There are 2 protein chains.
Amino acid sequence: MELRTLRYFVAVAEELHFGRAAARLHMSQPPLSRAIKRLEADVGALLLARSPAGVTLTPVGRVLLDEARALLDRADLVRDRVSAAAGPATLTVGILGDGTDPGISALAAAHRRGRPGIDIRVRDTDLTDPTCGLRAGLVDVALTRGPFDETALTVRVLRTDPVGAVLRADDPLARRARLRLAELSDRRWFRFPPGTDPAWQSYWHGGSAREGPVVRAVQECLQAVLWNGTVGLAPLGHEPPAELAVVPLVDMAPSRVVAVWNEGDTNPLIRSFVETATAVYRR
Amino acid sequence: MELRTLRYFVAVAEELHFGRAAARLHMSQPPLSRAIKRLEADVGALLLARSPAGVTLTPVGRVLLDEARALLDRADLVRDRVSAAAGPATLTVGILGDGTDPGISALAAAHRRGRPGIDIRVRDTDLTDPTCGLRAGLVDVALTRGPFDETALTVRVLRTDPVGAVLRADDPLARRARLRLAELSDRRWFRFPPGTDPAWQSYWHGGSAREGPVVRAVQECLQAVLWNGTVGLAPLGHEPPAELAVVPLVDMAPSRVVAVWNEGDTNPLIRSFVETATAVYRR
DNA sequence: CGACGCCGATACCCCGTGGGTATCGTTGCA
DNA sequence: TGCAACGATACCCACGGGGTATCGGCGTCG
């Protein structure tokens, strides 16, 4: 008789309809049926009378509905009290590059919702440090992209995006369905400043020879493409501005969106945040 | 934050020692450590201060300990109230052969403990019906041994016992460490009355040719061996009476202890009983 | 002062369960 | 009598909770 199961039961008992209850619980109907059946075996009594006409509560079910509601309320209270006792905690999350990934604010909101009383501070950094100041201790967790030097860091992959070349919309190659890196080797490529993580650096400059301007932020990259005739790389999936085009590259390893934290950091908020991040990115 | 996890936490918080808490919870220490760590991530705060000197509750841990105890008490109350609402229910359990298996009474007690208010009625039957009257509806669930005709029955295996030959202690073969069925083929074997389940019948009479007396109960089997010079089979594991010896048989399929109920019987008490039976027999 | 022992953490494996999709069976209704 | 609705069933996959083996840190003791 776990709390989750009781939440399921309350949902069914309130909807009096397995399908609707399943929808409300964001799951499908069969596992819900099974869970209720297990609960019935557990308490040793039928809780719901199923008939094609509809679902009804049995007398025992009615009792359990009241009791379960009370217990679940109580459980929420426990959460709140513990949160209150824990006091205001802050978690500093580092994100990369001008907050361009629209998912991140949603994620912060989701985490805040599930865990009120925790102050999430977002630190938006430029592209020169893919770990967003993790090593310097400026940040507890980083939501960022690979690849970078991972020593002494723990990495959790959230998603992988294929990568495309960013070109001016009027570039002759912009209409191509896909490209190979070699076709762009004669272009100028922007670089990151010296001292930038080598793995990161070499990934994003596409391995080409002709160096271009040094950039630090997403906006600078776009400007460089627009005005300097350079080429850049970008993960697919975001709609590019009208003046630009992103053409998939067939021979470029996909870019991984990751959550990273310092290895051995025992702050439980990190684990918790990473879990919700994983959940949010999964769907 | 499920109830099970909270029970774990309470155990650790009371023992202030992961190893002892794990023992109390009948589990090993690593999963317990992990569960507590998950709980800490879940509530977003450290609950226990681990130092080699020992484990201490953090302030947040102290709050959660109180809250968790209250919640768990409340959950027990829910159980009780639902049981009370369900009213007195009875479950008739059939067991085979003079209640000789010492585990069964313990199991009935365990089930009664976990589920007060349910009247467990044990029906002890003779050896002529391995299903203990399940088909006749005399019994809701049978704790018995295979093999038997399983059509329209659902079977859950609880344990398997190797089988030995039951001999008089002064029998020349009684001192042997193990035997083969062929070495006993010239003995008289007892039979069950006509009409007994064929699979059951043929299993226990060892496939030999010389027929012996007809028996119905365990006591009769023993008497037959003692006075009639017959041979019988018995699962190993029980200590035989002094005048008898049980010698392992190498070429006899082991005997399965099973819980059986009528296929499609939706009585939730059956499921519940079978679960505790599985748990009890597992250790 | 080094070897040992205690104890929680970590690594790794395996099975059970919780989730999913596809399909069935029953029943009320058109 | 065919159909639509809906819960049950069958099956599959992945994660989590359980296990064992081992590590690492820190006291203790010879």
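None of these values were measured; they are calculated from a predicted model. Letters A, B, ... are given to chains in the order of the sequence lines, protein chains preceding strands, and every chain is numbered from 1.
A/H26 has its NE2 atom 11 Å from the P atom of C/dG20, to the nearest Å. In this structure, the CZ atom of B/R4 is 10 Å from the C1' atom of C/dT17, given to the nearest Å. Note: CG (A/L48) to C1' (D/dA8) measures 14 Å, nearest angstrom. Computed from coordinates, the B/L39 CG to D/dG16 P distance equals 16 Å when rounded to whole Å. Here the P atom of nucleotide C/dT17 and the CD atom of A/E2 are 13 Å apart, to the nearest Å. The distance from atom CD1 of A/I36 to atom C1' of D/dT9 is 17 Å, rounded to the nearest whole Å.
Side-chain N or O atoms of B/T58 include one that pairs as donor or acceptor with a backbone N or O of B/L46 at under 3.5 Å.
Proximity of residues 27-35 of chain A to DNA chain C (heavy atom under 4.0 angstrom from any strand atom) is restricted to A/M27, A/S28, A/P30, A/P31, A/R34. Remark: B/H17, B/F18, B/G19 in residues 8-22 of chain B come within less than 4.0 Å of DNA chain C through at least one heavy atom.
Phosphate contact (OP1/OP2 of C/dG8, side-chain N/O of B/K37, threshold under 4.0 Å): absent. Within the 4.0 Å cut-off from OP1 or OP2 of C/dC7, not a single side-chain nitrogen or oxygen of B/R50 is found.
Remark: B/F148 engages no residue in a ring pair (Phe, Tyr, Trp, His ring centres under 6.0 Å) (not counting sequence neighbours). For A/A70, the side-chain contact (heavy atoms from CB on, under 4.5 Å) criterion is met by B/R74, not counting sequence neighbours. In this structure, B/Y8 has no ring pair (Phe, Tyr, Trp, His ring centres under 6.0 Å) partners at least two apart in sequence or on a different chain.
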Which donor-acceptor pairs under 3.5 Å do side chains of residues 17-25 of chain A form with protein atoms, sequence neighbours excluded?
from: A/H17; atom 1: ND1; to: A/G19; atom 2: N; distance (Å): 3.1
from: A/H17; atom 1: ND1; to: A/R20; atom 2: N; distance (Å): 3.0
from: A/R20; atom 1: NH2; to: A/E15; atom 2: O; distance (Å): 3.4
from: A/R24; atom 1: NH1; to: A/E14; atom 2: OE1; distance (Å): 3.3
from: A/R24; atom 1: NH1; to: A/E15; atom 2: OE2; distance (Å): 3.0
from: A/R24; atom 1: NH2; to: A/E14; atom 2: OE1; distance (Å): 2.6

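Salt bridge status for B/K37 with B/D42: absent, with no side-chain N to carboxylate O gap under 4.0 Å. A/E40 has a carboxylate O that lies under 4.0 Å from a charged side-chain N of A/R50, or vice versa, which qualifies the two as a salt bridge.
To the nearest 0.5 Å, atoms CG (A/L47) and CG (A/L65) are separated by 10.0 Å. Of the inter-residue distances, the one linking B/L72 atom CG with B/F9 atom CZ reads 11.0 Å to the nearest 0.5 angstrom.
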